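Written out below as structure tokens is the structure these notes cover.
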Amino acid sequence: MKFTRKSLGIPYAVYLVLFVVLPLVVLFYYAFTDGTGRLTAAHFIGFFTDPNALGTLFYSFAVAMVTTAVCLLLAYPVAYILAMSPLKYKSSVVMVFVMPMWINFSLRITALKEVLTLLEGNLARFPFLNAVVGMTYDFLPFMILPIFTTISKLDGALREAAMDLGADEKQTFFRVTLPLSMPGIMSGVSMVFLPAMTNYVVLDMLYNSTYIMGSLIGSYFAAYDWHSGSMIALILLGIICVFTLLTDDEEAGAQRGGALL
Amino acid sequence: MNNNIIELKHVTKQFQDNGFMAVQDFNLEVRRGEFVTFLGPSGCGKTTTLRMIAGFDIPTAGEILLNGKDITKLPPYERPINTVFQRYALFPHMNIEENIAFGLKLKKTPKEEIARRVKKVLSLVDLEGFEGRSVQTLSGGQQQRIAIARALVNEPEILLLDEPLGALDLKMRQEMQLELKEMHDRLGITFIYVTHDQEEALTMSDKIVVMSEGHIQQIGTPEDIYNEPKNAFVADFIGESNIFSGIMTGKRRARFCGGEFECVDDVPEGTHITAVVRPEDVQITRPEDGMIQGTVISVIFKGIHYEITVQSGKNEMVIQSVKAAKVGDRVGMAIEPDGIHIMIAEDHTNTFLVDINRDYRLEYNGHLLDASLTKLIRGSRRLGDGQVVDAAGEVIDIGRTKVQASIGPEDIRMTDNEEEGLIQGNISNLIYQGSHYLYVIHTDLEQDFAVYDEYLWNMGDRVGLIMPVDKMTFSLKNRH
């Protein structure tokens with residue numbers, strides 16, 4: 001057989017089929033069949049008629065939204081101040097924020113649990129708050145990094161140009177710096193929002209009773225109802241797809257602008 | 001009524017983080033409607049000065065007056081001054097119209113008026129109908145025009161331009177030079193322009209401010225700057241020049257480049273001078289008719305003229321001539337008195353080049369000088385085999401590294417015993433200066449040394465010059 005450049009793609013194609021296409025096919029199969037192998041939309045209808053499932057979806061949404069918002073509110077000022085500061089070892093300071101990621105995840109969350117227990121007495125009293133705190137703690141670096149990178153790369157002359165044209169510090173920020181840091185914000189949001197909808201391990205480890213989408217899937221599979229579990233996973237996949245397409249669109253637009261800098 | 005739109009008084013800028021003195025004691029008055037250019041090599045402080053006028057940098061000392069009012073500490077957005085940035089700095093998230101309207105919107109200008117003024121300014125820069133285009137679709141030249149339009153639409157009192165043509169190709173640059181000049185004449189706005197390109201400065205400006213190392217070297221019209229450079233830096237930076245160090249040998253007589261010339265500048269006899277001769281002011285003659293003679297070492301055809309380099313003794317003279325010459329020809333050179341510009345050297349200190357020999361030791365007139373080369377070149381060290389390497393570990397190029405020595409006239413002693421001196425020569429001038437005589441000794445290496453001595457020597461005496469090495473100061477001169 002002749003060795004062509006295409007042959008180099010074979011390992012990747014095999015990987016793709018084994019770990020992406022096949023699982024998806026299996027997921028679709030389970031989602032749209034019943035126990036006897038017959039095609040059915042019952043699980044799909046079941047999800048959207050089950051008030052519990054819908055409630056969990058909206059609740060997860062709320063947790064993810066609030067987590068993302070809190071992350072953004074904390075991360076933007078930090079990233080902005082760091083990027084704008086005349087500090088010599090900026091990246092070292094950024095490392096301080098990123099370093100917790102190097103510590104084992106379960107250790108970090110366990111520590112957080114102890115701190116929260118100390119503060120609140122009983123973790124069951126503020127399940128929503130604890131969910132948001134836990135996730136924010138876990139995901140904050142993913143928000144800081146892209147925003148910091150974007151702001152650092154902004155051409156300082158653009159801010160000077162705005163001031164030169166009559167914009168004071170506030171106007172310069174809202175009309176130039178903030179719009180131009182959108183690509184960083186968008187990638188930060190997508191890196192926090194999606195995991196925040198599904199990452200129930202954080203909640204489990206915080207002994208949190210809050211039920212999010214991830215927990216729901218987990219419980220169905222634990223009860224051997226693979227069909228309903230698959231359907232929920234599929235629905236989540238759809239939501240994530242739509243969300244990614246939306247943000248990608250904006251990001252691409254902003255990046256076209258960013259490329260000029 | 002004061003006609004100066006902007007005045008800079010003793011403006012000084014020292015950067016806090018590294019203590020670098022970017023601008024020192026900068027004094028300038030700009031009249032309304034003038035086209036002023038700050039000209040100088042990179043790092044001379046021209047951009048920093050512009051940034052202080054714009055308000056991006058605050059001077060450490062001194063004041064800036066706009067129409068007589070102190071604006072030294074006013075933020076940029078409160079100054080009626082707009083800037084065209086070096087890399088344009090157009091907002092990538094806005095289209096052309098939004099970019100240009102940025103300043104007007106902030107001033108809450110009515111919508112119809114914004115549209116009208118954007119249209120007008122776009123036609124001024126020849127880009128009608130570009131309102132809806134995005135920044136990324138424009139060429140460098142078009143972005144440049146938009147940047148100018150964005151500044152001009154605010155009707156500033158002063159337009160600052162920071163090397164605006166630096167990123168354009170030659171043809172585009174020349175076109176834009178003329179267009180900018182025309183725009184300036186038409187609008188009557190004061191332009192302050194920063195460039196390192198002397199041709200650009202000479203073409204466009206009413207007034208040029210030549211800067212070097214944070215200091216103003218000369219302020220004047222392009223003609224002044226070109227024809228009457230104030231010092232060697234200006235002469236060297238503006239146009240091509242032959243620069244010689246020499247000495248005054250009489251009333252309106254100077255000796256340099258191995259000859260004696262009449263000149264128009266009246267400088268006291270015995271003064272160390274720098275003589276500047278423009279290449280176009282030297283005539284090539286027959287050897288016997290020239291004031292000095294030399295051998296042609298290179299001829300380059302430059303289109304409208306030939307650039308001929310003639311070696312005369314230890315000096316080289318660059319000449320522009322419409323007539324060609326042949327390499328190796330023996331020629332004479334003549335210079336009219338008004339073609340020679342005499343500048344007084346700072347003091348009587350004698351400066352001369354010393355050689356680096358094959359062993360990387362300093363040498364002058366065949367005598368070893370007991371001075372350390374490694375101390376002179378920062379971070380250099382001597383290897384086991386005697387070679388000297390610089391901080392980067394590269395061997396010093398003897399051909400390109402020149403060391404200049406200087407010694408005061410009071411530190412040189414004359415001696416009858418010629419061999420005792422570092423160099424020998426004849427006394428060519430003697431001037432009584434009250435407490436001592438000032439002698440000019442013309443050496444065998446065609447250099448002139450000034451020497452103070454209490455005793456009377458005779459004109460023409462042959463003497464040796466004793467110059468103690470510990471009285472010399474050395475500095476490095478890299479030839480380019």
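Bear in mind the structure is a predicted one, so any value in this text is a computation, not a measurement. So that the names make sense, note that chain A is the first sequence line, chain B the second, and so on, each numbered from 1. The basis for the numbers below is simple: all heavy atoms, side chains too, and nothing from hydrogens, waters or symmetry mates.
Only the side chain of A/Q171 comes within contact range of chain B, judged by heavy atoms closer than 4.5 Å. Both the backbone and the side chain of A/R175 come within contact range of chain B, with heavy atoms under 4.5 Å apart. Interface remark: B/L104 contributes no atoms to any contact with chain A (heavy atom separation under 4.5 Å).
Scanning all heavy atoms of the two residues, the minimum distance from B/N154 to A/L165 falls at ND2-CD2, 3.2 Å. Taking all atoms of both residues into account, the shortest heavy-atom contact from B/A89 to A/A161 is O-CB, 3.9 Å. Contact between A/G166 and B/L106 at its shortest, heavy atoms only, is C-CD1, 3.6 Å.
You'll find the side chain of B/F102 reaches within 4.5 Å of the side chain of A/V176, heavy atoms only. When side chains are defined from C-beta on, B/F85 does not count as touching A/L158, because their heavy atoms never get closer than 4.5 Å. In this structure, B/P75 and A/D168 have side chains that are not in contact, with every pair of non-hydrogen atoms separated by 4.5 Å or more. Side-chain contact check for A/E160 versus B/R51: some heavy-atom pair is nearer than 4.5 Å.
Under a cut-off of 6.0 angstrom, the local environment of CZ in A/F105 is crowded, with over 12 non-hydrogen atoms contributed by other residues, nucleotides or ligands. Counting heavy atoms of neighbouring residues, nucleotides and ligands inside a 6.0 Å radius, atom NZ of B/K119 does not exceed 12 of them. Within a 6.0 Å sphere centred on NZ of B/K107, other residues, nucleotides and ligands contribute more than 12 heavy atoms. In B/R87, the CZ atom is not crowded: 12 or fewer heavy atoms of neighbouring residues, nucleotides or ligands sit closer than 6.0 Å. The local environment of CE in A/M65 is sparse, with at most 12 non-hydrogen atoms from other residues, nucleotides or ligands closer than 6.0 Å.
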